[in-house]
Peer 1: 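One structure coming up, written as structure tokens, with questions to follow.
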Amino acid sequence: MSRHAAVATALPPARRAGVADGRCAVTRRATVAALLAAALLPAGCAAPRSGSLGPAPAAPPPVTAPSVLPPGSTAARPTAGPVRSPTPAATAAAPARAQTVTVELWYVRDGRLAPTRRTRPATVATSRLALAELAAGPTPAEAATGLTTLLPAGGEVTRIADGVATVAPAPAGGDAPSRRLREAQVVYTLTQFPTVKRVRLAAGPPVGRADYADLLPPVVVTGPTIGARVGSPVTVTGTADVFEATVTVRVLDAAGRTVATTFTTATCGTGCRGDFRVAVAYRVRREQPGRIEAYEVSAADGTRRHVVAVPVTLTPVRS
């Protein structure tokens, strides 16, 4: 028997025909083991040895395409593996947004406290910003509603510890009612911040909002603020101490016509102050100046009492 014939007899039928005629043919359907064995055969096509070939070689790591194309490239390159996200250095920096902070300021109207809000560039010293805005006084639009300030410039928060903010120099001078109003402005403005529960204004003990609660009017509107641009429905919020806790809210257009009215109840009333919140739906045909009023209806004669008017811009409902 010839050497080729002997090798052909030892091989599987799929390979036997190739070896019998002197060729080392390997079919496409040969197993991985047969392929590896054929690769180890010498030029004379000797029969493969028996035994394990060892573990199959590990697959090469995937080729990663560059995540950023070179200058002038117009199309993405084909990849042979997953594309990684661009590194921070390769990613263009997005423009930073201008950071702002909104502070609540308590001014004075008709001898009582009245709040408004103002948005300014963000700062870590928000308490200092609030006192500076409070001393600067209301805007022209706010002043047109009767708001004013009794606080002189110069007061600053010197420290905040254990929930107590110390203000120096403390507002002083004037008669007792004016002095209390100035102190109340500072206390209500600073205690809006979660780190401040009470305020030390002089050598005396710290004081809080409860010490000046009598300086609040029966109805206080905290939102929307003066000059706000609102849509329908507009949400009106505030606090009240009125008969049976009932607060009426209405919306007036530029001509002074009532375009919506509703009522709600505060969380407490008739001798205690509670919060209220109500959404009022209105309809106008064009954007225009308007007014939102919150008040108590007299149980005796039905007249409006303790009216708080907030000028706003009314916008029409978009269909």
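Any value given below was found using the heavy atoms of this structure, including those in side chains, with hydrogens, waters and symmetry copies removed.
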Peer 1: Any side-chain donor paired with an acceptor under 3.5 Å for Arg117 and Thr225?
Peer 2: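 Thr225 and Arg117 do not have a side-chain donor-acceptor pair below 3.5 Å.
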Peer 1: Any side-chain donor-acceptor pair under 3.5 Å between Thr149 and Gln185?
Peer 2: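 Short answer, yes.
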Peer 1: Do Pro138 and Thr116 come within less than 4.5 Å of each other through their side chains, counting heavy atoms only?
Peer 2: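 Side-chain contact under 4.5 Å: no.
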Peer 1: Before giving the answer on side-chain contact (heavy atoms from CB on, under 4.5 Å), spell out for Arg291 and Val310 the whole-Å C-alpha distance, their side-chain angles and the decisive distance to 0.1 Å.
Peer 2: CA-CA 6 Å; Arg291 188 167 75 250; Val310 181; 6.0 Å; no
Peer 1: For Arg109 and Thr145, test the side chains for any donor-to-acceptor distance below 3.5 angstrom and give the result as yes or no.
Peer 2: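 Indeed, the side chains of Arg109 and Thr145 share at least one donor-acceptor pair under 3.5 Å.
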Peer 1: Would you find more than 12 non-hydrogen atoms of other residues, nucleotides or ligands less than 6.0 Å from Asp110 atom CG?
Peer 2: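 No - once you tally the heavy atoms of other residues, nucleotides and ligands closer than 6.0 Å, there are 12 at most.
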Peer 1: Could you walk me through whether Thr267 and Phe276 pass side-chain contact (heavy atoms from CB on, under 4.5 Å), step by step?
Peer 2: CA-CA 7 Å; Thr267 56; Phe276 69 85; over 6 Å; no
Peer 1: What are the two closest heavy atoms between Ala279 and Pro233, and how far apart are they?
Peer 2: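 Shortest heavy-atom contact: CB-CB, 4.2 Å.
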Peer 1: Given the rule in the side-chain contact (heavy atoms from CB on, under 4.5 Å) test, do Thr258 and Val251 qualify, once you have shown the distances and angles that lead to the verdict?
Peer 2: CA-CA 6 Å; Thr258 300; Val251 180; over 6 Å; no
Peer 1: Decide whether Val186 and Leu113 are clustered together by the hydrophobic rule: side chain heavy atoms of Ile, Leu, Val, Met, Phe, Trp, Tyr closer than 4.5 Å, transitively.
Peer 2: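 Yes: a chain of side-chain contacts under 4.5 Å links Val186 to Leu113.
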Peer 1: Answer yes when Arg285 and Asp253 have at least one side-chain N-carboxylate O distance shorter than 4.0 Å, and no when they do not.
Peer 2: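 Salt bridge flag = no for Asp253 with Arg285.
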Peer 1: Can you name the nearest heavy-atom pair linking Ala130 to Leu105, along with the distance?
Peer 2: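 So the two residues come closest at O-CD2, 3.6 Å.
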Peer 1: Does one hydrophobic cluster hold both Ile160 and Tyr188, with members joined at side-chain heavy-atom distances below 4.5 Å?
Peer 2: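 Shared cluster, yes.
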Peer 1: Among Thr261, Leu252, Val308, find the residue that satisfies the side-chain contact (heavy atoms from CB on, under 4.5 Å) test when tested with Glu293.
Peer 2: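 Output: one option passes, namely Leu252.
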Peer 1: What's the separation between atom CD in Gln99 and atom OG1 in Thr123, rounded to the nearest 0.5 Å?
Peer 2: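 Result: 12.5 Å between the selected atoms.
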Peer 1: Distance only, no hydrogens: is a donor on one side chain within 3.5 Å (strictly under) of an acceptor on the other, for Thr119 and Thr102?
Peer 2: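 Short answer, yes.
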Peer 1: Are there over 12 heavy-atom neighbours, none belonging to Arg277, within less than 6.0 Å of that residue's CZ?
Peer 2: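 Not buried by this count: 12 neighbours or fewer within 6.0 Å.
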Peer 1: What's the shortest heavy-atom distance between Arg112 and Pro217, and which atoms?
Peer 2: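 Shortest heavy-atom separation between Arg112 and Pro217 comes out as NH1-CA, 3.4 Å.
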Peer 1: When hydrophobic residues are tied together by side-chain contacts of less than 4.5 Å, even through go-betweens, does Val187 share a cluster with Val164?
Peer 2: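 Different hydrophobic clusters.
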Peer 1: Go through it in stages, so that I can follow the logic: the residues are Tyr295 and Val219, the test is side-chain contact (heavy atoms from CB on, under 4.5 Å), and I'd like the CA-CA distance, side-chain angles, deciding distance and then a yes or no.
Peer 2: CA-CA 7 Å; Tyr295 52 89; Val219 178; 5.7 Å; no
Peer 1: Would you mind telling me which of Val278, Thr222, Val220 makes a side-chain contact (heavy atoms from CB on, under 4.5 Å) with Thr237?
Peer 2: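 That would be Thr222; it is the only one of Val278, Thr222, Val220 passing the side-chain contact (heavy atoms from CB on, under 4.5 Å) with Thr237.
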Peer 1: Can you see which heavy atom on Ala299 is nearest to which on Phe243, and at what distance?
Peer 2: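 Closest pair (atom of Ala299, atom of Phe243, distance): CB-CE2, 3.9 Å.
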Peer 1: Between Arg120 and Glu133, does any NZ, NE, NH1 or NH2 come within less than 4.0 Å of an OD or OE carboxylate oxygen?
Peer 2: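 Counted as a salt bridge, because a side-chain N and a carboxylate O are separated by less than 4.0 Å.
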Peer 1: Got a sec, which pairs hit salt bridge (charged side-chain N to carboxylate O under 4.0 Å, His left out) with one end in residues 134-163, sequence neighbours left out?
Peer 2: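 For residues 134-163, and leaving out neighbouring residues, the salt bridge (charged side-chain N to carboxylate O under 4.0 Å, His left out) pairs sorted by first residue read Arg118-Glu142, Arg128-Glu156.
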Peer 1: Which heavy atom of Leu151 sits nearest to which heavy atom of Pro171, and what is that distance?
Peer 2: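 Taking Leu151 first and Pro171 second, the nearest heavy atoms are CD1-CB, 3.9 Å.
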Peer 1: Identify the two heavy atoms, one from Thr246 and one from Val242, that lie closest to each other, and give their separation to 0.1 Å.
Peer 2: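 What the structure gives for the nearest pair is O-CG2, 3.3 Å.
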Peer 1: Spell out, yes or no, whether Val307 and Val297 are grouped together once hydrophobic residues are joined by side-chain heavy atoms under 4.5 Å, including indirect joins.
Peer 2: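 Looking at the clustering, Val297 is in the same group as Val307.
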